[in-house]
There are 2 protein chains.
Amino acid sequence: MKIAVLGAGVMASALTIPLTDNGHKVNLWGTIFDIKIIETISSTRKHPRLDITMSQSVWPFYVEELEQAMDGCQLILLGVSSIGVKNTVKKIVPFLKDDAIIVTIAKGFELDALGKIMILPDVIDKEMPKRLQSKIPIVAISGPSIAREVVNRVKTNVIFASKNIRAAKLCQMVFTNSNYIVCTSKDIIGTELCASLKNVYAIGIGICDGLNEKRKLDTMNNTKAMLFTFAINEMTKIVKVMGGNIKTVTGLAGLGDLYVTCKGGRNAAFGKLIGSGIDIKKALEKLGTVEGYQTTLYAYKLVQTLVKDKKLDSEKDVPMLMNIYRILYQNQQCEMIENV
Amino acid sequence: MKIAVLGAGVMASALTIPLTDNGHKVNLWGTIFDIKIIETISSTRKHPRLDITMSQSVWPFYVEELEQAMDGCQLILLGVSSIGVKNTVKKIVPFLKDDAIIVTIAKGFELDALGKIMILPDVIDKEMPKRLQSKIPIVAISGPSIAREVVNRVKTNVIFASKNIRAAKLCQMVFTNSNYIVCTSKDIIGTELCASLKNVYAIGIGICDGLNEKRKLDTMNNTKAMLFTFAINEMTKIVKVMGGNIKTVTGLAGLGDLYVTCKGGRNAAFGKLIGSGIDIKKALEKLGTVEGYQTTLYAYKLVQTLVKDKKLDSEKDVPMLMNIYRILYQNQQCEMIENV
């Protein structure tokens, strides 16, 4: 099979590993931000950010070669981040085959002008022209998956979630091998909520690491374990009232992904910085985009809507989320994170 | 209130901190293994293993002073390990007040001669003389609670589980303060199963750390997250068929305790050693008692019983547990841990 991977960043490029290991050909298209990467791959076959030699089955394409990159590809892996999704979707529409399937690594949710939640696959669908809306299946990749480890062929188990379970199962067949194991799920709402909320809660658990540093204690693992447990329980409550499957939260997309997100990445690092006493603005300057920071605001607004609809009691059901919101947006002390 | 803490080891002694912080008097009785500790406390008020000065409200008692130590105490904290429980219970029976409540830090389960599961509170009850059986409430402490952190007054949230919820609530009042928060639970079977099984699964996750070391990879967090998630799901299945509450597994006694157990302690260290290629016998010699090693055998036997009763399919429902058993007792390669 020939697959178009759109975006040559770390995660998108890492996913060429299971694809080429499985004998597929990959057209790797670089966005405007990936010109250097495509240049380097073209001349040396090395990926400058992954520091590996790419398989001979990967063909690099420059930003102006999108049509060629997508030519003959049924499976389109949208490998750009949430911010770049809308723009990229617009670009690819003219070249989509009728039987195309979009797989996306970007995930999460937005709120529309009326405060209604829009999960990312719906955002993608809405960017399509009318004739394609609800026609092109969208499959979201979720679960504990650090790109570097996928490259190292560390055993990784992920979830491909889609309303269209047949499309998800086709993608499962394409990607799965003994190192990269794909499970499928129909619970797209639960999966997308977990993918977003885990970043928020990882900030909260990171704050605890920062407090630990500030207090010069050995460890605060009792508190971290408490917060980790509460995070899963609060995510369960939100997913439940939103109509998702609560098993998603205690599965790879929830529990598993929260676990790796707390182990590293910018959300946990951001939490740690502000927990240790660094100003929020300075921490953001230092780290660049911290997805969970913005998502905390969305999550708070979502909770407000659910409270208004009498589906949730914010202080009783999601006190940790409320504390994270207050710390990040209402100037509350980081010590608040322990008050649950 | 005056409370007898029996056993002067690390965890029992750590629990004198919330008790004395709450204004209670504590009689700290040392077993035959604690003579040095009681000596040091008596002469210097320092606890040699915790390296802290004990509160003036803690009165040390030597092994021969059990009657005096228990005199006037309604609340008896059984602070000895699982191995010492039966012996200590026999000793305390003559001095138990009619309204006594036993709180135990030892937890877990045994199998009786017929292979029937006996959770530790039942083991304690059975050691009582007939006239006291089912009369003395037994409250088991569970949840993520590293002793050193309790001493450091790190925020800790634990579960007091008992069939007798009134007794659990009385103990909750005695122990709870802003650093040491006690929740109560009636799900004694779920709590005890989690307390045991988490040690088994922590070995499995430790094995992954050992494999990582052996393979000289950066990290294997994708795999660890997968195993952590599977551990919780397998524990859920076992607790469910045993009649426990599945919410216990995703609460502090399950998820929370597995989290800290993986962070440190002998079970995780044992797993790491054997995962890195060390012989099981040598690893046991190096570490001394590894609770989870014995428990794996119990857990395997429990699963066998459940399979016989057609309540569980071992390969489908608890493959990770089966792999841990085979690695520890059937000479299977540690790499098996990834085959789930």
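Below, chains carry the letters A, B, ... as their sequence lines are ordered, and counting in each starts from 1.
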Heavy-atom cut-off 4.5 Å, strictly under: side chain, backbone, both or neither for A:V150 against chain B?
both

Quick check on the interface: out of A:V260, A:N212, A:T229, who has the most heavy-atom pairs with chain B under 4.5 Å?
A:T229

Between atom NZ of B:K237 and atom CG of B:D317, what is the distance when rounded to the nearest 0.5 Å?
5.0 Å

Any chance you could measure A:L211, atom CG, to A:I337, atom CD1, to the nearest 0.5 Å?
8.5 Å

Contact part of B:N221 toward chain A, heavy-atom cut-off under 4.5 Å: side chain, backbone, both or neither?
both

For chain A, find which of B:T250, B:N339, B:V158, B:I232 contributes the most heavy-atom pairs closer than 4.5 angstrom.
B:T250

Please rank B:K224, B:E149, B:M220 by heavy-atom pairs under 4.5 Å with chain A and give me the top one.
B:E149

Select one option (side chain, backbone, both, neither) describing which atoms of A:L252 are under 4.5 Å from chain B's heavy atoms.
both

Apply the test salt bridge (Lys or Arg N to Asp or Glu O under 4.0 Å) to residues A:E335 and A:K214: give CA-CA distance (whole Å), side-chain angles for both, the deciding distance (0.1 Å), then the verdict.
CA-CA 11 Å; A:E335 283 72 11; A:K214 195 166 72 178; 3.2 Å; yes

Sequence-distant partners of A:E338, salt bridge (Lys or Arg N to Asp or Glu O under 4.0 Å), two or more places apart:
A:R215

Taking the side chain as everything from C-beta on, heavy atoms only, tell me whether B:D21 gets closer than 4.5 Å to B:R153.
yes

Chain B shares the most heavy-atom pairs under 4.5 Å, among A:T219, A:L258, A:N152, A:D218, with A:T219

Going by atom type alone, with no hydrogens or angles, which donor-acceptor pairs under 3.5 Å involve a side-chain atom of residues 261-268 of chain A and a protein atom two or more places apart or on another chain?
residue, atom, partner, partner atom, Å
A:T261, OG1, A:D257, O, 2.5
A:R266, NH1, A:L287, O, 3.1
A:R266, NH1, A:T289, O, 3.2
A:N267, OD1, A:G292, N, 2.7
A:N267, ND2, A:N199, OD1, 3.1

